[in-house]
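As the structure is a prediction and not an experimental result, all values here were calculated from the model. Keep in mind that the numbers below use all heavy atoms, side chains included, and drop hydrogens, waters and symmetry copies.
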Amino acid sequence: MGTGRLGVPMERPGRASDTSASSAGEPAPEGPDGRRRELLRCRASSESEPPGGASASAECVRRSRPGSCSCAPSVSRQRVESLRKKRQLFPWFGLDIGGTLVKLVYFEPKDITAEEEEEEVESLKSIRKYLTSNVAYGSTGIRDVHLELKDLTLCGRKGNLHFIRFPTHDMPAFIQMGRDKNFSSLHTVFCATGGGAYKFEQDFLTIGDLQLCKLDELDCLVKGILYIDSVGFNGRSQCYYFENPADAEKCQKLPFDLKNPYPLLLVNIGSGVSILAVYSKDNYKRVTGTSLGGGTFFGLCCLLTGCTTFEEALEMASRGDSTKVDKLVRDIYGGDYERFGLPGWAVASSFGNMMSKEKREAVSKEDLARATLITITNNIGSIARMCALNENINQVVFVGNFLRINTIAMRLLAYALDYWSKGQLKALFSEHEGYFGAVGALLELLKIP
């Protein structure tokens with residue numbers, strides 16, 4: 001998205017509300033008092049309408065937010081035009097700027113009327129075509145087509161939700177593209193979360209003339225995962241788990257119905273790790289975290305193996321043998337440590353065999369990649385298990401881009417939690433693992449509770 005590494009320059013999306021994304025919408029032309037009178041008239045008219053019309057008007061009064069409803073047929077055209085002015089104008093984006101990846105969600109409206117299409121500026125048509133007709137943007141931007149949510153209804157509009165990612169180090173090119181395409185004349189506010197919303201705020205403002213509405217990343221994370229789980233995944237379950245995770249031949253990925261989500265332990269594995277205890281949609285806390293996350297795995301793999309991409313690191317790990325690098329319980333005891341129930345295959349010391357010169361010379365880069373992955377995953381699983389026990393929670397949901405195409409880590413987490421808890425803890429995963437923060441930012445843009 002953009003020139004150079006992010007690809008062909010794309011037209012700047014159309015403008016959104018000029019107010020902060022935390023506002024419900026622009027004041028009506030007649031001012032606050034007049035707006036209240038209009039809402040009262042809308043409410044009063046609903047008392048004499050049939051059930052269908054009453055529902056529409058009531059929704060209009062209740063939310064009075066962009067794109068949230070259509071008023072009853074009896075409402076004048078002037079009133080309808082007034083409502084249209086208050087809607088959050090397209091395009092609808094949510095942005096999560098992480099330490100390693102930028103995640104972008106884009107809502108593509110599929111119910112555009114002939115009148116809307118006639119009034120739509122060319123840049124809006126261009127951005128929609130550019131984003132939806134490509135699966136890659138330059139050498140680093142990717143649209144995860146398999147994650148697309150179809151026929152989704154947001155704020156009364158029906159469309160598809162697209163999921164796009166690119167490396168955070170390409171954010172300057174993204175901002176410069178916005179400047180080159182004069183995006184600020186069309187869209188002045190972005191709802192953004194993640195540490196990058198703070199890090200790049202001044203760049204957005206001074207270079208791109210764009211204002212960021214900064215949102216707390218944990219708030220967006222919780223909001224996003226609960227919303228996506230509620231709408232499902234194109235008729236399928238969003239949540240899943242692994243049956244027989246330790247057996248490659250018998251292992252199965254099975255759907256899980258998270259109909260009773262609370263309480264749950266939410267483990268977000270990005271560059272680092274944050275662990276939240278969620279008791280309801282409005283009651284949650286950050287329990288702890290660790291600096292040893294996905295960024296650690298990738299960074300160490302780059303140092304140890306010379307790989308240059310996350311995908312390459314995982315591919316190397318899939319062909320490696322970590323037992324040549326790690327010192328196991330059986331390497332120390334000659335077998336199991338029965339008194340404390342430690343099996344011989346358990347890792348006693350990560351990278352412990354690398355103290356030996358002979359063993360260092362015998363290992364491959366693939367072995368080192370595999371050991372790095374096992375080390376990071378075991379550490380995350382151990383901390384998650386202790387947090388679950390302390391909070392008395394037996395549902396543990398792992399999310400974050402560390403888990404993208406990372407079946408080795410997911411199966412290991414599933415097995416470890418089940419084994420060490422004696423079946424009391426279940427490791428759960430989600431199809432849209434790394435995009436929940438961006439989804440939460442989009443929901444805040446549209447003021448969806």
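- For the atom pair Tyr241 OH and Leu428 CG, the distance stands at 9.5 Å (nearest 0.5 Å).
- A heavy-atom distance below 4.5 Å is found between the side chains of Leu215 and Cys191.
- In terms of heavy atoms, Ser237 sits closest to Cys239 at OG-O, 2.9 Å.
- Under the side chain to side chain contact (heavy atoms under 4.5 Å, CB included) rule, Leu161 has a single partner from Val231, Asp151, Leu442, which is Leu442.
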| field | side-chain contact (heavy atoms from CB on, under 4.5 Å) assessment of Thr132 paired with Tyr106 | value | CA-CA 9 Å; Thr132 60; Tyr106 165 66; 4.1 Å; yes
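- Side chain of Asn390 to backbone of Met386: a donor-acceptor contact under 3.5 angstrom is found.
- Shown here is Asn392, whose CG atom has no more than 12 heavy atoms of other residues, nucleotides or ligands within 6.0 Å.
- Counting heavy atoms from C-beta on, the side chains of Phe93 and Leu445 never come closer than 4.5 Å.
- No side-chain heavy atom of Lys199 sits under 4.5 Å from any side-chain heavy atom of Ile97.
- Taking the salt bridge (charged side-chain N to carboxylate O under 4.0 Å, His left out) definition, one finds that Lys150 meets it with Glu148, sequence neighbours left out.
- A heavy-atom distance below 4.5 Å is not found between the side chains of Gln252 and Asn244.
- In this structure, the separation between CE on Met410 and CD1 on Ile408 is 10.0 Å, given to the nearest 0.5 Å.
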| request: Could you walk me through whether Met171 and Asp203 pass the side-chain contact (heavy atoms from CB on, under 4.5 Å) test, one step at a time? | output: CA-CA 10 Å; Met171 178 55 74; Asp203 292 338; over 6 Å; no
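- With rounding to the nearest 0.5 Å, the separation of CD in Gln238 from CG in Leu149 is 7.0 Å.
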| said: If you apply the rule side-chain contact (heavy atoms from CB on, under 4.5 Å), what do you find for Thr100 with Phe310, and how did you get there? | reply: CA-CA 10 Å; Thr100 304; Phe310 181 73; over 6 Å; no
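- Between the Glu116 side chain and the Thr113 main chain, a donor and an acceptor come within less than 3.5 Å of each other.
- Gly437 and Thr193 make their closest contact through O-CG2, 3.5 Å (heavy atoms, listed as atom of the first residue, atom of the second, distance).
- A perpendicular orientation is assigned to the rings of Phe340 and Tyr337, their planes being inclined by more than 60° (bins at 30° and 60°).
- A donor-acceptor pair is defined here as one N or O able to donate and one able to accept, closer than 3.5 Å; no such pair exists between the side chain of Ser382 and the backbone of Asn379.
- Classification of the Phe402-Phe297 ring pair by plane angle, with boundaries at 30° and 60°, yields perpendicular.
- Sorted pairs that involve residues 407-429 and meet salt bridge (Lys or Arg N to Asp or Glu O under 4.0 Å), not counting sequence neighbours, are lacking altogether.
- Surrounding NZ of Lys125 are more than 12 heavy atoms belonging to other residues, nucleotides or ligands, all under 6.0 Å away.
- Between Trp345 and Tyr415, the ring-plane angle classifies as tilted under the 30° and 60° cut-offs.
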| said: Could you go through Val439 and His432, starting from their C-alpha distance and side-chain angles, then the distance that decides it, and tell me whether this counts as side-chain contact (heavy atoms from CB on, under 4.5 Å)? | reply: CA-CA 10 Å; Val439 171; His432 291 80; over 6 Å; no
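- Between Lys253 and Glu431, at least one side-chain nitrogen of the basic residue sits less than 4.0 Å from a carboxylate oxygen of the acidic one, meeting the salt-bridge criterion.
- The distance between the ring centers of Phe166 and Phe174 falls below 6.0 angstrom.
- In terms of modelled atom types and a separation under 3.5 Å, the side chain of Asp96 and the main chain of Lys103 share no donor-acceptor contact.
- Atom OG of residue Ser318 and atom CG of residue Leu314 lie 8.0 Å apart, to the nearest 0.5 angstrom.
- For the residue pair Asn283 / Tyr262, no side-chain donor-acceptor distance below 3.5 Å is found, with atom types taken as modelled.
- Between Phe107 and Arg157, some side-chain heavy-atom pair lies under the 4.5 Å cut-off.
- Cys387 and Val287 make their closest contact through SG-CG1, 3.9 Å (heavy atoms, listed as atom of the first residue, atom of the second, distance).
- Residue Glu433 holds its CD atom at 9.5 Å from CG of Asn406, rounded to the nearest 0.5 Å.
- The two residues Leu147 and Phe233 make their nearest non-hydrogen contact at O-CE1, 3.8 Å.
- A donor-acceptor pair under 3.5 Å is formed between the side chain of Arg143 and the backbone N or O of Leu131.
- When all heavy atoms of Ala197 and Leu212 are compared, the closest pair comes out as O-CD1, 3.5 Å.
- To the nearest 0.5 Å, atom OG1 of residue Thr375 and atom CG of residue Leu292 are 9.5 Å apart.
- Judged by distance alone, the side chain of Thr168 and the main-chain N or O of Gly98 form a donor-acceptor pair under 3.5 Å.
- Contact check for Asn160 versus Glu108: side-chain heavy atoms found under the 4.5 Å cut-off.
- Counting heavy atoms from C-beta outward, Pro263 and Glu391 have side chains that stay 4.5 Å or more apart.
- Considering all non-hydrogen atoms of both residues, Cys220 and Ala441 come closest at SG-N, 3.8 Å.
- Among residues at least two apart or in separate chains, there is no salt bridge (Lys or Arg N to Asp or Glu O under 4.0 Å) pair with a member in residues 236-252.
- Looking at heavy atoms from C-beta onward, Ile112 lies in side-chain contact with Arg128 at the 4.5 angstrom threshold.
- Judged by distance alone, the side chain of Asn394 and the main-chain N or O of Leu425 form no donor-acceptor pair under 3.5 Å.
- Tyr435 and Asn401 form no side-chain donor-acceptor contact under 3.5 Å, judged by distance and modelled atom types alone.
- Ion pairing between Arg404 and Glu311 holds under the 4.0 Å rule for side-chain N and carboxylate O.
- Proximity of a side-chain donor or acceptor of Thr296 to a complementary backbone N or O of Ser291 within less than 3.5 Å is detected.
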